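See structure below.
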Amino acid sequence: MSAKKENRIRAPRGTSDYLPDRAASIHRLDRLAGEVFSNYGYQRIITPTFEDTALFTRSIGEASDIVRKEMYTFEDRGGRSLTLRPEATAPVVRAFIEHNLGSQSLPVKLYYFSNMFRYERPQAGRFREFWQLGVEALGSPEPSLDAEVITLAADFLRALDIREGLMKIGSMGDENCRPQYTLILQKYLEEKRDSFCPDCGERLKFNPLRVFDCKNSECQKALADAPKMIDYLCDECRDHFDGVGRLLKEVGIEFSIDPMLVRGFDYYTRTTFEIQSSQLGAQNALGGGGRYDRLVSDYGGKPTPAVGFALGIERLLAALKAEENVDLSTPRKIDVFLIVIDNEHRDQAFKLAIELRRIGLSAEVDYMNRSTRSQMKLADKMGAEYALILGPDEMARGEVVMRNLSTGEERPEKLSSVADKLGKIKGFE
RNA sequence: GUGGUUGUAGCUCAGUUGGUUAGAGCGCUGGACUGUGGCUCCGGAGGCCGGGGGUUCGAAUCCCCUCAGCCACCCCA
């Protein structure tokens, strides 16, 4: 019967089955997000699971690891190169342009809750298929929009009762100040090259900002005196950055300015932020995001400044579990369990169960020909509030026994009206 | 892609220096209680010891390969 283990097909590496408990937790996160986000005026958007490969190669950056080696890219039967989405900002921007959403009143505020795919070596908090919850607000360059998005992220964590999240904020500058700064940084790094690890030697050639991300303690030491983007912002970027910080203070968001904060995607401009948790392990970012004022126009849309973020669902769940503040699990509870004593009443039990379900009650029956005793045990295990016992004597009189399983009280009820009666007790009609 | 570490029942894990029919707890299931749950007690099912190859009279145990989990690098949510 059971297939030999060697032939058994398993879930692909880095993916997992989310069994009922975990699936329910994810569903609850999804619903809670819907509530919090809609208070902030964000509407849900669902984009395709796969996109034209070029969409990602252009936005994320040709040099990034995601594009170079982590994309699930395939050719379909029509010869198109497609890629399972590794992130959602590019698809949302694509949809924004494709459907001309910029013609609506701005900003357009969208959120998503969807699965992403990256071909990476699995690790704590890192999987090949994973879920992200995120928002994109398109159409305004105002610092208040940055502050809103950051506050939304913080408020959502607060709603979850995640307390260990540290909000870090930085700025990448814009096309006026970043290129100059990059040269200055590069020069500094070249001069101190000997103080850095070989990896950083590579980084400083094509992506010098990445050096700030290095975990090598020698590198970190050498970086202490390095020039920081924050100190080289042009006046406009400086004002913008200060504005974001000021607004966050106004609404009581705790944050720290991190001059070393670097984010992975090429498209970021000005504000970047990341929420880190001490509960997580090496992959410690619960989420992150930033402003991307150039992305829409880079794709051929009307110049549209925008800002967004994404949270990692599996990481939120891991943090919740580690903090033990909130229990997302929902123990199974049903309203009624129908107990059949004589097999000839099975059909009536089936009909009654359907009737109860149709008026809004959760009802269960035994499908395994269990003894009365075992059915009672099952009813108890399922957390049933009532048991309806279809005994032959009562059935002969057109009655069933209704037993309250928490008090043990029981009394006969008319078979024809017991569903209505239970419906009323439970507040249905 | 690189490195470390671990694979024994659905789950968590024991398994002595290689030695007969591979164990426990939980879970599942049946019964003690012939029509009534939670507690307790007794029974049962469920494993080619991740897979393949090798050493040996004999391998869950030793060796090699491979796959997978976990952790870290890299990178990122």
Side-chain angles (χ1 to χ4, degrees), chain A residues 1-16 19 21 60-61 63-70 86-89 114-134 153 197-200 202-203 207 210 213-216 262-265 274-277 280-289 309-319 337 339-342 345 368-395 400-410:
Chain A
M1 189 62 205
S2 67
K4 280 189 176 176
K5 274 192 180 172
E6 57 188 295
N7 297 329
R8 242 180 257 171
I9 295 174
R10 288 182 285 193
R13 182 158 210 203
T15 68
S16 49
L19 300 178
D21 271 354
I60 297 172
S64 75
D65 273 33
I66 289 187
V67 169
R68 290 211 328 261
K69 50 192 188 194
E70 295 176 5
E87 61 101 36
T89 299
S114 40
N115 47 352
M116 306 295 159
F117 307 85
R118 292 181 199 171
Y119 188 85
E120 296 184 276
R121 190 84 177 261
Q123 183 185 333
R126 198 174 76 179
F127 313 98
R128 290 185 173 181
E129 180 183 19
F130 59 100
W131 290 75
Q132 280 191 345
L133 167 64
C197 67
D199 280 344
C200 286
E202 282 303 305
R203 288 188 183 103
N207 206 346
R210 277 251 154 261
D213 251 357
C214 187
K215 287 176 182 167
N216 185 305
V262 183
R263 306 263 328 143
F265 302 140
E274 192 167 296
I275 304 164
Q276 297 174 0
S277 169
L280 286 187
Q283 310 300 322
N284 66 350
L286 286 170
F309 74 80
L311 295 166
I313 296 303
E314 289 81 0
R315 293 185 188 177
L316 289 178
L317 290 176
F337 193 99
I339 289 172
V340 176
I341 289 174
D342 193 320
H345 298 124
M368 304 301 291
N369 262 306
R370 274 178 253 253
S371 66
T372 305
R373 194 184 146 70
S374 293
Q375 291 182 63
M376 283 299 290
K377 284 188 176 181
L378 196 55
D380 186 62
K381 198 173 60 188
M382 287 185 175
E385 207 171 328
Y386 292 94
L388 287 184
I389 302 157
L390 282 64
D393 298 345
E394 292 86 350
M395 289 297 279
V400 297
V401 174
M402 181 167 104
R403 180 180 176 91
N404 181 320
L405 288 176
S406 46
T407 65
E409 256 176 88
E410 62 181 44

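Computed from a prediction, not measured in an experiment: that's the story for all the values here. Throughout, a chain's letter reflects where its sequence line sits, starting with A, and its residues are numbered from 1.
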Considering only heavy side-chain atoms of A:Tyr119, the closest of B:rA68, B:rC73, B:rG1 is B:rG1
Side-chain donor-acceptor contact under 3.5 Å, A:Glu129 with A:Asn115
yes
Rounded to whole Å, CE of A:Met368 lies from C1' of B:rG30 at a distance of 13 Å
Donor-acceptor contact present, side-chain A:Arg403 to main-chain A:Ala387, <3.5 Å:
no
Query raised in the report: Below 3.5 Å, does any donor atom in the side chain of A:Arg126 face an acceptor in the base of B:rC75, or the other way round?
Result: yes
Taking a pair to mean Watson-Crick or G-U wobble geometry with both distances below 3.5 Å, B:rG3 pairs with B:rC71
Kindly indicate whether the side chain of A:Arg370 and the base of B:rU29 share any N or O donor-acceptor pair separated by less than 3.5 Å? no
**OP:** May I ask you to evaluate whether A:Gln283 reaches the phosphate of B:rA77, defined as a side-chain N or O under 4.0 Å from OP1 or OP2?
**Re:** no
Would you indicate, yes or no, if B:rG69 has its OP1 or OP2 atom less than 4.0 angstrom from a side-chain nitrogen or oxygen of A:Arg13? yes
What about A:Arg403: does its side chain form a donor-acceptor pair under 3.5 Å with the base of B:rG37?
yes
*Would you say B:rG37 has OP1 or OP2 under 4.0 Å from some side-chain N or O of A:Arg373?*
yes
Can you see if the side chain of A:Lys215 gets near the phosphate of B:rC73 - specifically, an N or O under 4.0 Å from OP1 or OP2? yes
Would you state whether a donor and an acceptor, one from the side chain of A:Arg118 and one from the base of B:rA77, lie under 3.5 Å apart? yes
Exercise for review: For B:rU12 and B:rU8, measure between their P atoms and round to the nearest Å.
Suggested key: 9 Å
Among the nucleotides B:rC75, B:rC70, B:rG37, whichever has the atom closest to the side chain of A:Leu405 is B:rG37
Distance-only donor-acceptor test (3.5 Å): side chain A:Gln375, base B:rU36
no
Of B:rU36, B:rC70, B:rA68, the nucleotide closest to the side chain of A:Val401 is B:rU36
Checklist entry - Does A:Glu120 get its side chain close enough to the base of B:rG1, under 3.5 Å, for a donor-acceptor pair? => result no
By the Watson-Crick or G-U definition, both distances under 3.5 Å, B:rG27 is matched with none
Worksheet item: Within the side chain of A:Arg128, is there an N or O that forms a donor-acceptor pair under 3.5 Å with the backbone of A:Pro122?
Response: no
